[in-house]
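Below: the structure, in structure tokens.
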There are 4 protein chains.
Amino acid sequence: MPLPKFPCCPLAESQAKRERRKEARPGELLAAALDLFVEKGFAATRAEEVAARAGVSKGTLFLYFGSKEELFKAVVRENISGRFTEWEAELNNFTGTTPEMLAYAMRSWWERVGMTKASGITKLMMSEARNFPEIASFYQAEVILPGHQLIRRILERGIERGEFRVLDLDHAVYSVIAPMIFLMMWKHSVGACAPASFDMQPDLFITQQIELLLNGLTGKAERAVTRPPLSSQP
Amino acid sequence: MPLPKFPCCPLAESQAKRERRKEARPGELLAAALDLFVEKGFAATRAEEVAARAGVSKGTLFLYFGSKEELFKAVVRENISGRFTEWEAELNNFTGTTPEMLAYAMRSWWERVGMTKASGITKLMMSEARNFPEIASFYQAEVILPGHQLIRRILERGIERGEFRVLDLDHAVYSVIAPMIFLMMWKHSVGACAPASFDMQPDLFITQQIELLLNGLTGKAERAVTRPPLSSQP
Amino acid sequence: MPLPKFPCCPLAESQAKRERRKEARPGELLAAALDLFVEKGFAATRAEEVAARAGVSKGTLFLYFGSKEELFKAVVRENISGRFTEWEAELNNFTGTTPEMLAYAMRSWWERVGMTKASGITKLMMSEARNFPEIASFYQAEVILPGHQLIRRILERGIERGEFRVLDLDHAVYSVIAPMIFLMMWKHSVGACAPASFDMQPDLFITQQIELLLNGLTGKAERAVTRPPLSSQP
Amino acid sequence: MPLPKFPCCPLAESQAKRERRKEARPGELLAAALDLFVEKGFAATRAEEVAARAGVSKGTLFLYFGSKEELFKAVVRENISGRFTEWEAELNNFTGTTPEMLAYAMRSWWERVGMTKASGITKLMMSEARNFPEIASFYQAEVILPGHQLIRRILERGIERGEFRVLDLDHAVYSVIAPMIFLMMWKHSVGACAPASFDMQPDLFITQQIELLLNGLTGKAERAVTRPPLSSQP
DNA sequence: AATGAATGAGCTTTCATTCAT
DNA sequence: CATGAATGAAAGCTCATTCAT
């Protein structure tokens with residue numbers, strides 16, 4: 001029941017700055033929380049720190065998220081969003097070979113997830129799953145399961161079309177996923193405090209990983225390694 | 001409270017048992033701590049819990065480890081142990097083909113590390129590295145670096161002998177390591193609270209992963225997949 | 001958000017309503033505060049709740065009352081009002097016997113105070129007096145003392161006229177007051193959450209209490225018990 | 001599973017002081033909490049204050065009581081204890097007249113409850129019942145109900161023996177109880193911060209109240225007023 | 001005047017650490 | 001050596017109060 005606002009006097013705009021901030025707050029807080037949770041873990045991150053990084057006071061944090069745990073859940077949910085439907089559509093329209101398709105999937109995963117802050121969520125879940133079983137199962141349903149199915153469909157297509165040999169699909173899915181998970185974990189742990197000696201160039205890794213996945217260590221190098229511009233969906 | 005029925009000071013026997021326990025203490029504490037740190041993370045593990053699981057009182061824990069952080073460091077150190085020299089020797093004496101050698105290395109890794117509690121250490125490091133940079137770099141020096149070099153040597157052997165094609169060694173090493181790291185993380189996070197639908201059989205995964213690593217998705221299935229009993233290797 | 005359909009500044013009518021509300025505000029706030037303070041105590045009542053119940057925002061509350069404590073004081077002051085002079089006049093004009101006078105006083109107390117929300121103030125004072133000594137002594141001066149004197153005068157009249165026997169006046173006053181205080185406390189505490197088994201009918205209690213006060217447990221029931229309509233008294 | 005203690009070396013005694021303190025702690029804390037809760041109410045009492053008054057630190061309080069609310073509940077329970085069975089037995093053996101019996105009951109109530117710190121519990125319950133409905137109903141079952149029945153039995157005896165006239169028992173019980181409740185409330189609120197002008201001498205009040213209850217304002221003073229030594233149970 | 005977003009002091013509760021026994 | 005009662009710093013959370021709009 002808000003009292004009617006009279007727009008005659010030019011209040012319309014003046015209300016705006018604060019309003020805009022109010023709408024931006026949750027996002028700023030979630031971003032700050034993601035950073036810190038990824039960096040230090042849930043327990044070691046103090047609520048006040050999150051608030052400070054978002055440029056607000058402790059109290060404000062609790063205005064938007066009822067508790068630290070709710071904040072955690074929100075961080076996970078926020079960064080999950082059904083990217084999968086969009087993705088699946090893209091792949092359904094894919095007309096190239098299945099090796100190209102797999103390569104495309106892995107590269108665009110890197111660009112859209114691995115490379116971004118969203119990758120921190122995986123680190124977070126891996127580190128904290130046991131402390132938040134409820135969230136963990138939510139994550140499984142929303143991320144892991146759809147991800148598996150997406151990869152599985154690619155592999156099935158390859159097998160159907162005679163491009164891939166027949167193998168245990170369930171575990172093959174893990175073989176495709178493993179290097180991605182690894183990359184995210186590495187980036188947010190060792191990678192974040194490693195000396196240059198352990199420097200890894202993720203897209204080089206991804207590229208070669210695709211190559212190996214397709215042709216193996218004993219195979220002969222294929223043209224696939226020469227990476228086509230990522231956006232040139234064939 | 002009945003009076004204790006022990007004559008005045010016949011400690012001989014009981015002293016002995018206690019003596020034995022005394023020497024076992026640190027080990028029991030470290031084992032308990034490993035379990036709990038892996039399960040819940042460093043911050044969420046309470047010192048008292050560790051003590052309780054080791055069957056001693058809170059005070060005793062601090063008798064052996066000056067602080068919770070020292071306990072953490074000790075846990076990491078304890079579970080690292082230079083298994084690498086022994087391992088390297090084993091591989092130096094290896095006479096089979098390099099694909100066989102790689103398969104052997106990965107399978108024995110699974111048996112000696114992946115399958116055991118020691119795998120928890122990796123999960124721990126990945127989760128906590130940024131909170132314990134000192135320990136993390138120690139871990140890098142003692143585990144990651146030697147591990148890399150071991151794998152690297154195998155790959156070099158394969159290339160030298162013409163069994164593997166030429167590729168960027170540094171990143172190929174990561175491709176070998178990634179599924180192992182992934183397996184440990186998975187086992188100690190999602191795997192520990194996953195519904196049966198995500199059940200993964202690690203040795204099936206390892207076996208197929210070796211196969212894929214060698215021959216790729218497009219290769220033809222090789223004999224290597226029929227896994228010889230793990231212990232029958234030279 | 002449709003644009004407001006008000007022409008530029010036709011505030012005339014709406015201003016008026018707001019004006020009226022503005023003057024009602026403090027009263028609405030005090031009423032809401034009385035309810036909540038009585039129900040939950042001073043400390044457990046949140047300023048925002050008071051505001052909400054009065055239909056205004058938190059900020060507005062502090063526009064009218066500088067602090068929660070001031071609000072409390074205002075609530076007490078507001079609900080005390082010198083009903084005593086009016087009351088005393090009434091009794092001065094009383095022409096019946098003193099037992100009738102006492103009965104009348106107690107019954108009209110029940111109707112004018114005990115039965116109404118004002119009774120909550122006593123509960124409030126009893127519960128919070130030690131946290132608000134300043135207010136407590138104000139309450140004593142404005143309520144307790146005049147109340148005592150009023151009762152005392154009745155008793156004195158009874159003694160003078162030979163209707164009551166001689167006794168320690170100060171403590172006799174308490175004997176008259178006690179059941180009234182009790183009734184208010186009971187109603188606002190146990191009575192507010194008691195099962196039916198403790199249901200008490202206040203006017204039955206009052207009636208019988210008057211009877212007992214006059215004639216005691218050992219006396220014979222007097223006509224006084226047949227209660228005349230309360231308002232038919234002079 | 002405590003390790004056996006060897007009493008040969010004279011440890012038996014040395015353990016004692018701390019042990020004794022440990023056993024005394026809960027009691028000391030409850031006493032401190034009772035005082036403060038009665039004085040300031042539940043919400044306005046800080047846990048640290050309670051601890052300080054009991055001579056321990058904040059942390060220690062939570063070693064014995066899991067939360068402030070549990071402490072509150074323990075305070076109420078602790079001070080309730082089935083004093084009623086003992087009391088009832090006493091009255092069953094009573095051989096005097098029922099007026100004497102009632103007088104005895106009220107006076108011994110004053111000595112055993114009203115006069116002691118236990119009276120604070122009633123003030124506490126009256127003030128906080130609405131905030132602790134669970135505790136309130138516990139209090140009703142354990143204190144109010146038995147108390148009512150005890151009084152009721154006395155009144156019934158009086159009526160049966162023709163010493164009291166017939167009246168509505170349920171409300172008569174309240175008439176007996178009211179001055180006692182009043183006394184406790186008064187003592188712990190106004191009484192605790194009143195100027196001397198409101199000084200009330202509780203046993204004088206009790207004595208005269210008994211007299212009034214028995215004979216009423218219009219009755220003639222009985223001998224009962226000359227109060228016999230309280231312990232001389234007739 | 002009214003609003004409600006923002007603040008931060010203050011309180012409860014936890015837990016690593018100490019130390020008397 | 002071992003214990004576990006005691007401690008108090010630190011963290012989560014609440015809510016009276018402020019102030020830009």
Side-chain angles (χ1 to χ4, degrees), chain A residues 2-3 5 11 13-19 21-23 25 43-49 51 55-69 71, chain B residues 15 18-19 21-22 25 43-51 56-69 71, chain C residues 15 18-19 21-22 25 43-51 56-69 71, chain D residues 2-3 5 11-19 21-23 25 43-51 55-69 71:
Chain A
L3 296 178
K5 304 174 199 159
L11 293 179
E13 261 316 86
S14 57
Q15 203 85 331
K17 188 154 48 174
R18 194 174 253 226
E19 292 272 323
R21 301 224 65 191
K22 194 208 161 176
E23 264 152 45
R25 278 287 136 73
T45 299
R46 285 178 308 134
E48 194 164 13
E49 254 180 306
V56 298
S57 77
K58 206 178 6 168
T60 302
L61 169 60
F62 290 96
L63 227 52
Y64 292 92
F65 303 94
S67 71
K68 197 182 162 190
E69 195 162 330
L71 173 64
Chain B
Q15 188 100 323
R18 183 178 269 215
E19 208 65 30
R21 299 218 64 195
K22 187 171 71 182
R25 280 286 142 74
T45 297
R46 293 187 339 206
E48 191 163 19
E49 255 180 305
V50 175
V56 300
S57 77
K58 214 182 343 179
T60 304
L61 170 61
F62 287 91
L63 231 49
Y64 289 96
F65 305 94
S67 72
K68 197 182 163 191
E69 198 161 328
L71 173 64
Chain C
Q15 188 101 319
R18 182 178 270 216
E19 209 65 31
R21 299 219 62 198
K22 188 170 70 178
R25 280 287 141 74
T45 297
R46 293 187 342 210
E48 192 163 19
E49 255 179 305
V50 175
V56 299
S57 78
K58 214 178 348 175
T60 304
L61 170 60
F62 287 91
L63 230 51
Y64 289 95
F65 305 94
S67 72
K68 197 182 163 190
E69 199 161 327
L71 172 63
Chain D
L3 297 177
K5 302 173 199 160
L11 294 178
E13 262 315 84
S14 56
Q15 205 84 328
K17 189 155 47 177
R18 193 175 254 225
E19 293 273 321
R21 300 224 64 190
K22 193 207 161 178
E23 265 152 44
R25 280 286 138 73
T45 298
R46 285 177 310 135
E48 193 161 14
E49 253 180 307
V50 175
V56 298
S57 78
K58 208 179 358 170
T60 302
L61 170 60
F62 290 95
L63 229 51
Y64 291 93
F65 303 94
S67 71
K68 197 181 162 190
E69 194 163 332
L71 174 64

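Side chains are part of it too, since the values below use all heavy atoms of this structure and drop only hydrogens, waters and symmetry mates. In what follows, every chain begins at residue 1, and chains take the letters A, B, ... in the order their sequences are listed.
- The pairing partner recorded for E/dA20 is F/dT3, the criterion being a Watson-Crick or G-U wobble arrangement whose two distances lie under 3.5 angstrom.
- Mapped onto DNA chain F by nearest heavy atom, C/G66 and D/V56 fall at different nucleotides, with D/V56 at the one closer to the 5' end.
- B/R46 places its CZ atom 8 Å from the C1' atom of E/dT14, with the value rounded to the nearest Å.
- With rounding to the nearest 0.5 angstrom, the CZ atom of A/F62 is 8.5 Å from the CG atom of A/L71.
- The side chain of B/S57 sits closest to F/dG4 out of E/dA2, F/dG4, F/dC1.
- The 5' end of DNA chain F is approached more closely, in terms of each residue's nearest nucleotide, by B/G59 than by the other of B/G59 and C/F62.
- Protein atom CG of A/L61 is 10 Å distant from nucleotide atom C1' of F/dC13, rounded to whole Å.
- Atoms NZ and CZ, on B/K58 and B/R46 in that order, are 8.5 Å from each other to the nearest 0.5 Å.
- In terms of heavy-atom proximity, A/A43 sits nearest to B/A43 at CB-CB, 3.4 Å.
- Within the shown strands, F/dC15 is the pairing partner of E/dG8 under the Watson-Crick or G-U definition, both distances less than 3.5 Å.
- Between E/dA1 and C/Y64, no contact under 4.0 Å exists linking OP1 or OP2 to a side-chain N or O.
- Residue B/K68 has its side chain nearest to E/dT17 when only E/dC11, E/dT17, F/dT17 are considered.
- For C/T60, no side-chain nitrogen or oxygen approaches OP1 or OP2 of E/dA2 to under 4.0 Å.
- Along DNA chain E, the nucleotide closest to D/E48 and the one closest to B/A44 are compared, and the more 5′ of them pairs with D/E48.
- Atom P of nucleotide E/dC15 and atom CG of B/L71 are separated by 16 Å, given to the nearest angstrom.
- Rounding to the nearest 0.5 Å gives a distance of 10.5 Å between CG of B/L61 and NZ of B/K68.
- Which of E/dT3, E/dA16, F/dG12 sits closest to the side chain of B/K58 comes down to E/dA16.
- With rounding to whole Å, B/L63 atom CG is found 13 Å from E/dC19 atom P.
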